[in-house]
Protein chains: 2
Amino acid sequence: MYTVKEAAQITGLTEHAVRFYTDKGLVPSVQRNENNIRIFDGESINWLHGVKCLKQSGMPIDVIKMYIDLCIEGDSTIPQRYTLMMEHKEAALAKLEEAKLHVAHLEEKTALYQAILEHRILDTTNPANWDRIQHMHGDVFYKASRRV
Amino acid sequence: MYTVKEAAQITGLTEHAVRFYTDKGLVPSVQRNENNIRIFDGESINWLHGVKCLKQSGMPIDVIKMYIDLCIEGDSTIPQRYTLMMEHKEAALAKLEEAKLHVAHLEEKTALYQAILEHRILDTTNPANWDRIQHMHGDVFYKASRRV
DNA sequence: TTAATACCTTCGTGTTACACGAAGGCAAGA
DNA sequence: TCTTGCCTTCGTGTAACACGAAGGTATTAA
């Protein structure tokens with residue numbers, strides 16, 4: 001049996017977030033004692049872990065809520081839960097692909113800067129070169145940006 | 001020479017966003033005509049593309065602003081820009097790794113559901129099985145969530 | 001000439017998922 | 001008794017706009 005503070009410590013959430021989640025109905029098993037204090041048991045902690053985890057993977061709160069309501073409804077909702085999870089997985093995959101593009105893109109950008117700084121392209125520290133490379137910054141900024 | 005509407009069409013941004021960016025100083029080359037209308041030339045469009053692109057890769061507006069201000073300052077700021085971009089790249093890499101974890105995690109979750117639905121684990125459609133698998137939903141929810 | 005269209009401005013609200021603080025109250029332990 | 005820790009509601013702020021309204025200006029077509 002844990003308090004808000006303990007639940008927060010265990011799950012790595014803030015106390016604010018723990019209260020927020022419980023109040024939103026994302027922790028079905030949470031109880032209140034006679035002093036109206038939230039009491040978390042092992043199951044509540046599991047739910048919190050689960051919420052955190054779906055949250056981290058980018059699922060919005062209201063969708064998590066839907067999922068949890070389906071869980072509460074029982075095993076008859078397994079097909080719906082499967083569908084929901086599949087859709088979320090597809091979304092996560094799309095994000096992964098995007099993230100790959102971004103990294104590739106930034107790799108290129110930093111490589112360009114590095115080349116400049118290592119004087120493989122131009123000695124930008126030499127004022128004599130400054131007007132030849134006057135618009136370099138624009139190029140560097142622009143070069144990789146057409147792609148995304 | 002383009003209007004807000006055209007610039008929005010070309011870059012795939014909304015008119016709101018285009019005005020927002022120009023007003024924030026993220027499009028240095030944008031001008032106003034005698035009627036106070038924003039006039040975008042090719043360079044402005046490039047800046048807009050660049051902003052969109054940094055934006056998409058997760059850079060906050062104020063950091064983009066910093067970067068652009070450095071660009072405007074000229075080539076003497078190339079080292080700072082490099083540092084900034086490297087940091088952003090590291091952040092993007094971290095996000096990529098996270099995204100991989102999330103996908104792996106969701107793969108597992110959906111696989112579990114699939115196994116259930118294909119009756120490889122239990123026939124959940126048969127009411128006779130319902131109390132044996134009463135807490136399955138909790139398990140499914142929880143199983144992969146300890147990890148993240 | 002008039003009406004429609006497209007641009008401009010500022011203002012204000014809504015969104016998401018909280019963070020953070022304040023005010024005010026209750027209950028248990030030293 | 002005092003402190004601590006919990007509770008509540010309220011309100012503000014965040015990021016990056018979306019969206020609409022109100023009110024003004026300028027061009028263009030009928």
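The model shown is predicted, which means the values in this text are computed figures rather than measured ones. The chains referred to below are lettered A, B, ... by the order of the sequence lines, with proteins before strands, and numbering in each begins at 1.
- Partners of A/Asp41 according to the salt bridge (charged side-chain N to carboxylate O under 4.0 Å, His left out) rule, which considers only residues two or more places apart in sequence or in another chain, do not exist here.
- Atoms NZ (A/Lys55) and P (C/dA19) sit 10 Å apart, rounded to a whole Å.
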Do any N or O atoms of the protein come closer than 3.5 Å to N or O atoms of nucleotides 19-22 of chain D, and which pairs are they?
none

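- Clustering of Ile, Leu, Val, Met, Phe, Trp and Tyr by side-chain heavy atoms under 4.5 Å joins A/Met1 with A/Ile37, A/Ile39.
- Partners of B/Glu97 by salt bridge (charged side-chain N to carboxylate O under 4.0 Å, His left out), not counting sequence neighbours, listed by chain and number: B/Lys100.
- Residues meeting the salt bridge (charged side-chain N to carboxylate O under 4.0 Å, His left out) test with B/Lys24, sequence neighbours left out: none.
- Looking at residues 2-11 of chain B, you'll see B/Thr3, B/Val4, B/Lys5 sit with a heavy atom under 4.0 Å from some atom of DNA chain C.
- With rounding to whole Å, A/Asp23 atom CG is found 11 Å from D/dT9 atom C1'.
- Here A/Lys95 pairs with nothing under the salt bridge (charged side-chain N to carboxylate O under 4.0 Å, His left out) rule; sequence neighbours left out.
- Note on residues 54-67 of chain A: pairs passing salt bridge (charged side-chain N to carboxylate O under 4.0 Å, His left out), not counting sequence neighbours, are A/Lys65-A/Asp69.
- Side-chain atoms of A/Tyr67 and A/Arg81 include no donor-acceptor pair closer than 3.5 Å.
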Please tabulate, one pair per line, each protein N/O and nucleotide N/O from nucleotides 23-29 of chain C that are separated by under 3.5 Å, including the distance.
none

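- Straight-line distance from the CG atom of B/Asp62 to the P atom of D/dA15: 7 Å, rounded to whole Å.
- For the pair B/Glu15 CD and D/dA18 C1', the computed distance is 12 Å after rounding to whole Å.
- Every pair tested for side-chain hydrogen bond (donor to acceptor under 3.5 Å, both in side chains) that includes a residue from residues 2-18 of chain B fails, sequence neighbours excluded, so the list is empty.
- Here B/Leu93 sits in one hydrophobic cluster together with A/Leu93, A/Leu96, A/Val103, B/Leu96, B/Val103; the rule is ILVMFWY side chains under 4.5 Å apart, joined directly or through other members.
- C/dT10 atom C1' lies 13 Å from atom CG of B/Asn36, rounded to whole Å.
- Residues passing the side chain to side chain contact (heavy atoms under 4.5 Å, CB included) test with A/Ser57 are A/His88, B/His102, B/Leu106, sequence neighbours excluded.
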